[in-house]
Amino acid sequence: MIELTRDTIDYTALTESVRSDQAGAVVLFLGTVREMTAGRQTAALDYDAYPEMALAKLAELETEARDRWPIIEVAMIHRIGHLELGEVSVAVAVSTPHRPDAFEAARHLIDRLKEIVPIWKKENFTDGTTEWVHPGVEPESGETGKLATD
């Protein structure tokens with residue numbers, strides 16, 4: 001399952017969707033809205049995307065991962081719109097016969113998703129400023145990923 005949604009992510013249902021009698025391992029990754037980003041207090045996040053391209057890139061990632069690991073099932077879902085602190089913004093669930101493959105595949109999927117999928121994040125800070133972040137650049141890394149600053 002690959003999806004973009006404005007709704008709350010039901011990560012329990014997502015996890016259940018990848019469980020299988022053939023899989024001895026299920027890994028779930030949840031990305032959540034954190035309070036502090038690069039020493040600044042976050043009030044909320046806004047996500048926007050180019051939906052057709054984002055879904056196509058997510059499908060490419062699924063194919064890539066299935067070619068590398070013995071994946072039984074995989075599911076990826078990303079929120080779009082306004083998210084408050086603590087809300088789940090992205091979820092990746094993977095099942096494989098053995099745990100090393102499940103961990104590796106899930107890590108690969110979330111890392112590549114953040115690098116290449118055209119989903120943009122606007123950081124809304126408590127001081128009233130905002131910053132758009134490019135895919136592939138995390139503010140905590142110290143790299144410049146700003147598209148605009150208010």
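Numbers here are sequence positions counted from 1.
- Here the OG1-CD distance, from Thr42 to Glu84, works out to 11.5 Å after rounding to the nearest 0.5 Å.
- Linking ILVMFWY side-chain heavy atoms closer than 4.5 Å, directly or via other members, places Leu109 and Val27 in two distinct hydrophobic clusters.
- Atom NE2 of His82 sits in a crowded spot, with more than 12 heavy atoms from other residues, nucleotides or ligands closer than 6.0 Å.
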CA sep, side-chain torsions, deciding dist, call: Lys122, Asn124, side chain to side chain contact (heavy atoms under 4.5 Å, CB included): CA-CA 6 Å; Lys122 182 170 119 179; Asn124 301 294; 3.1 Å; yes

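- Judged by distance alone, the side chain of Arg79 and the main-chain N or O of Asp7 form a donor-acceptor pair under 3.5 Å.
- A distance-only check finds no donor-acceptor pair linking the side chain of Asp48 to the backbone of Trp120 [under 3.5 Å].
- Summarising the hydrophobic clusters (Ile, Leu, Val, Met, Phe, Trp, Tyr; side-chain heavy atoms under 4.5 Å, direct or chained), the residues clustered with Leu28 are Met1, Ile9, Tyr11, Leu14, Leu30, Ile77, Val88.
- The minimum heavy-atom distance between Pro51 and Leu4, with the atom names listed, is CA-CD1, 3.7 Å.
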Full working for salt bridge (Lys or Arg N to Asp or Glu O under 4.0 Å) between Glu104 and Arg107: CA-CA 5 Å; Glu104 290 171 18; Arg107 173 128 194 203; over 6 Å; no

Tell me, with the steps shown, if Glu123 and Leu45 meet side chain to side chain contact (heavy atoms under 4.5 Å, CB included). CA-CA 5 Å; Glu123 299 266 2; Leu45 298 178; 3.3 Å; yes

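- In terms of modelled atom types and a separation under 3.5 Å, the side chain of Thr96 and the main chain of Pro70 share no donor-acceptor contact.
- Under a hydrophobic-cluster definition in which Ile, Leu, Val, Met, Phe, Trp and Tyr are linked whenever side-chain heavy atoms come within less than 4.5 Å, directly or via other members, Met76 and Val18 are assigned to different clusters.
- Looking at Arg40 and Thr129, their side chains come closer than 4.5 Å, going by heavy atoms from C-beta outward.
- A distance-only check finds no donor-acceptor pair linking the side chain of Ser89 to the backbone of Val33 [under 3.5 Å].
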Review item, side-chain donor-acceptor pairs of residues 54-65, under 3.5 Å, at least two apart:
unit_1 : atom_1 : unit_2 : atom_2 : d
Glu62  : OE2    : Arg66  : NE     : 2.9
Glu62  : OE2    : Arg66  : NH2    : 3.2
Thr63  : OG1    : Ala59  : O      : 3.2
Glu64  : OE2    : His108 : NE2    : 2.5

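- One hydrophobic cluster, built from ILVMFWY side chains closer than 4.5 Å, holds both Val90 and Val74.
- Considering only residues two or more places apart in sequence or on other chains, Phe29 meets the ring-ring contact (aromatic ring centres under 6.0 Å, His included) condition with none of them.
- Val94 and Ile72 are members of different hydrophobic clusters when ILVMFWY side chains are connected at heavy-atom separations under 4.5 Å.
- Within a 6.0 Å radius of CZ in Phe103, other residues, nucleotides and ligands contribute 12 heavy atoms or fewer.
- A continuous path of Ile, Leu, Val, Met, Phe, Trp and Tyr side chains, each step under 4.5 Å between heavy atoms, connects Ile119 with Leu83, placing both in one hydrophobic cluster.
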For the pair Phe125 and Thr37, evaluate side chain to side chain contact (heavy atoms under 4.5 Å, CB included) and give the outcome as yes or no after the intermediate values. CA-CA 9 Å; Phe125 297 103; Thr37 301; 4.2 Å; yes

